[in-house]
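What follows is a set of notes on a single structure, which appears directly below.
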2 protein chains.
Amino acid sequence: MSINRIAFYHIETLLWIARLGTFGAAAERLKTTQPAISARVRELEHHLGTSLFRREGRTMTLTPAGRQLVRESEPLMAGFQSLLHSAGDTAETAGIVRIGAGEIAAASCLPGFVAELQRTWPNLSLEIEIALTADLIQQILTGRTDLVFGAGRIAHPALRTTSIGAVDLLLLASPTTIGAIEAQGNATNFPIWSLSSHSPLYHIMKQAIAASGITSRSVNLCNNARMMIDIVAAGGGIGIFPHSMVRQALEDGALALVPGAMDIPPVEFQVAIRAGETDPLILHIFERAGQLDIRAMSTPLAS
Amino acid sequence: MSINRIAFYHIETLLWIARLGTFGAAAERLKTTQPAISARVRELEHHLGTSLFRREGRTMTLTPAGRQLVRESEPLMAGFQSLLHSAGDTAETAGIVRIGAGEIAAASCLPGFVAELQRTWPNLSLEIEIALTADLIQQILTGRTDLVFGAGRIAHPALRTTSIGAVDLLLLASPTTIGAIEAQGNATNFPIWSLSSHSPLYHIMKQAIAASGITSRSVNLCNNARMMIDIVAAGGGIGIFPHSMVRQALEDGALALVPGAMDIPPVEFQVAIRAGETDPLILHIFERAGQLDIRAMSTPLAS
DNA sequence: TGATATTGATAAGTAATGTCTATCAATAGA
DNA sequence: TCTATTGATAGACATTACTTATCAATATCA
């Protein structure tokens with residue numbers, strides 16, 4: 001006896017019989033015939049191995065097992081009906097979209113962007129993964145994420161990208177570190193902080209340090225940009241940061257430009273989806289993301 | 001497109017594909033073939049009007065809609081599976097049984113009896129209706145209740161009954177009322193309290209009053225025996241009560257026997273089910289109820 | 001680059017399922 | 001006793017679901 005052969009119309013039939021009192025009334029409501037209703041009940045009782053109705057003269061009443069089945073099926077049935085209707089409902093787009101973002105892009109763009117998406121599609125669910133751009137590219141290529149915000153230029157034949165602007169990168173340190181640099185006359189031998197070696201910013205940092213003639217006894221890595229900002233603001237050394245993430249710290253005087261550092265070219269941020277993407281919802285979201293300008297978005301410094 | 005044609009095996013198929021990653025693996029798990037799985041998915045997508053999977057080379061991944069359906073189906077499916085299995089599971093009897101009882105029988109028997117039933121059948125649910133015996137007989141005859149505790153002898157060809165003992169009935173009043181009766185030398189013209197005229201106790205009360213030569217300027221009715229006890233204990237008059245309900249009040253001195261009142265024959269209590277009852281659970285419960293002795297059960301006087 | 005393996009889709013045939021109409025059985029009401 | 005109501009069953013038919021065989025697309029390996 002296979003319970004899995006039970007369909008939602010069996011449960012619906014049971015619930016309508018219970019509500020209306022007779023097989024004939026349920027048949028009318030479900031636009032079928034009384035023998036069809038009788039057969040459905042027999043089939044359901046057969047699947048379950050228990051009797052659901054008892055005939056008393058002309059009336060059918062539920063058995064205790066039948067009553068419990070009715071009582072507990074109703075919320076489950078309502079849940080499935082709501083779910084199945086929303087799955088097929090194009091007026092109210094629903095689903096789960098996975099977005100990957102580097103931390104900088106995430107901090108800069110995602111809060112506002114997510115809010116915009118959820119205003120547009122209230123039933124949309126998101127799964128967001130913060131990781132390094134290189135890892136995210138791998139994830140999108142293997143179908144483990146749907147849309148990626150990444151730093152640097154993303155070029156892959158299987159990906160379709162669009163730029164969302166460039167972010168100025170700044171070499172920054174705390175006022176105390178800057179005082180020491182000024183006293184020494186140069187930035188030599190101060191600790192350097194950067195994101196991990198897989199990040200595009202790591203390479204940019206290396207180029208900037210080399211161009212500025214700064215030598216360092218240590219290059220320190222961290223995989224969390226916010227933590228790194230805290231470390232540098234506490235006098236831990238020199239760090240390279242996107243302007244968008246440190247606007248507030250600069251205004252507060254917690255960080256300042258390292259004197260003598262040469263300008264760093266801005267880093268471009270891009271959004272990527274698969275070139276062969278066909279899902280209309282993901283295509284819409286990609287279009288929305290392409291309209292973002294990463295420079296325009298404020299980045300609150302969360303503690 | 002009818003969502004109701006979707007069966008639980010469709011949902012199960014979707015969940016297994018999502019877990020195992022390929023149609024072939026799901027086919028193996030579900031003991032069917034890969035084309036059958038492919039057809040099930042196509043059917044489900046057709047019913048829902050949306051795509052659930054996207055083919056990327058050799059791998060299939062869920063669309064956002066598919067992912068949401070998987071996520072939200074799992075708890076609903078688990079709920080249905082648990083429910084349907086318990087419906088057919090004879091080792092763990094479940095269901096909802098309706099018990100009707102007069103207030104006296106309810107107060108005397110039900111707390112202990114209900115506890116016993118729930119120890120025996122943890123998954124049993126009860127719906128208890130407190131009403132007058134006459135109404136309960138009507139309910140059981142029309143299939144609106146399953147088992148009835150009633151006062152007096154229940155005789156109906158369509159009912160099968162068993163006695164659960166007899167309860168002494170006592171004419172009682174408060175000490176102040178009794179003092180006044182003794183001062184007057186008889187109980188004439190004191191208010192009489194009884195359950196409503198449809199109750200067997202009403203008729204017994206009338207006979208008892210007549211046999212005792214007590215005339216009364218008023219016979220007062222109440223449909224709540226506990227309230228009536230409170231009224232009489234507060235000096236409201238004379239009432240007739242089953243011993244089982246007033247044991248505590250007698251011990252506390254809140255009530256006492258009316259002097260000069262003749263003994264009232266005890267009233268029998270019975271349990272009844274339909275003569276044609278076939279449900280094994282109800283038959284079991286009826287057998288258990290038949291073993292009760294209403295005199296043996298203490299009745300806490302709840303305030 | 002070609003051969004092979006893997007995965008899902010499709011076709012055709014067959015078995016199983018579900019519903020219809022017609023009719024019967026049991027019960028209640030007039 | 002007759003009629004009406006309700007559910008069960010039978011037979012015919014339409015629909016559904018699955019099997020095997022095969023094809024198409026893609027990835028891997030030599």
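Below, read A as the first sequence line, B as the second, and so on, with proteins coming before strands; counting in each chain starts at 1. Treat the numbers as computed from the prediction; the structure is a model and nothing was measured. The figures that follow rest on heavy atoms only: side chains count, while hydrogens, waters and symmetry mates do not.
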Practice problem: Measure the CG-CD1 distance between A/Leu14 and A/Ile37 for me, rounded to the nearest 0.5 Å. | Solution: 10.5 Å
Quiz prompt | Partner residues of B/Arg54 under the side-chain hydrogen bond (donor to acceptor under 3.5 Å, both in side chains) criterion, sequence neighbours left out | solution = A/Glu277, B/Glu56, B/Thr61
Quiz item: Tell me: CD of B/Glu28 to P of C/dG8, nearest whole Å?
Solution: 13 Å
Self-check item: Qualifying salt bridge (charged side-chain N to carboxylate O under 4.0 Å, His left out) pairs, either residue in residues 28-39 of chain A, two or more places apart
Solution: none
Exercise. For nucleotides 17-30 of chain C, just jot down a letter per nucleotide in 5' to 3' order: B, S or -, based on protein non-hydrogen atoms under 4.0 Å.
Key: -SSSBB----BB--
Quiz item: Taking only residues two or more places apart in sequence, or in another chain, which ones meet B/Ser82 in a side-chain contact (heavy atoms from CB on, under 4.5 Å)?
Solution: none
Quiz item: Is A/His85 reaching over with its side chain to a backbone N or O of A/Gln81, donor-acceptor style, under 3.5 angstrom?
Solution: yes
Quiz prompt | Pairing residues for A/Gln291 by the side-chain contact (heavy atoms from CB on, under 4.5 Å) criterion, not counting sequence neighbours | solution = A/Glu287, A/Arg288
Practice problem: Could you check how far CZ of B/Arg54 sits from P of C/dG8, rounded to whole Å? | Solution: 14 Å
Practice problem: Mark yes or no for whether B/Asp146, through its side chain, and B/Val97, through its backbone, hold a donor-acceptor pair below 3.5 Å. | Solution: no
Taking distance alone, no hydrogens or angles, what donor-acceptor pairs closer than 3.5 Å link side-chain atoms of residues 149-164 of chain B to residues at least two apart or in another chain?
unit_1: B/Arg153; atom_1: NH2; unit_2: B/Glu268; atom_2: OE1; d: 2.9
unit_1: B/His156; atom_1: ND1; unit_2: B/Ala158; atom_2: N; d: 3.0
unit_1: B/Ser163; atom_1: OG; unit_2: B/Gly165; atom_2: N; d: 3.1
unit_1: B/Ser163; atom_1: OG; unit_2: B/Glu268; atom_2: OE2; d: 2.9

Self-check item: side-chain hydrogen bond (donor to acceptor under 3.5 Å, both in side chains) contacts touching residues 7-23 of chain A (sequence neighbours left out)
Solution: A/Glu12-B/Asn4, A/Thr13-A/Arg40
Quiz item: For B/Leu117, what residues pass the side-chain contact (heavy atoms from CB on, under 4.5 Å) criterion, not counting sequence neighbours?
Solution: B/Ile99, B/Phe113, B/Trp121, B/Leu124, B/Leu126, B/Ile285
Name the pairs: protein N/O against N/O of nucleotides 12-14 of chain D, kept only if under 3.5 Å.
none

Practice problem: Calculate, to the nearest 0.5 Å, the distance between atoms CD1 and CD belonging to A/Ile6 and A/Glu43 respectively. | Solution: 9.0 Å
Exercise. Figure out the CE/P separation between B/Met60 and D/dT26, and round it to whole Å.
Key: 13 Å
Practice problem: May I ask you to verify if any side-chain N or O of B/Arg42 is less than 4.0 angstrom from the OP1 or OP2 atom of C/dG8? | Solution: no
Quiz item: Atom CG of B/Leu44 to atom P of D/dA17: distance rounded to whole Å?
Solution: 11 Å
Self-check item: Within residues 15-27 of chain A: residues closer than 4.0 Å to DNA chain D (heavy atoms)
Solution: A/Thr22, A/Phe23, A/Gly24
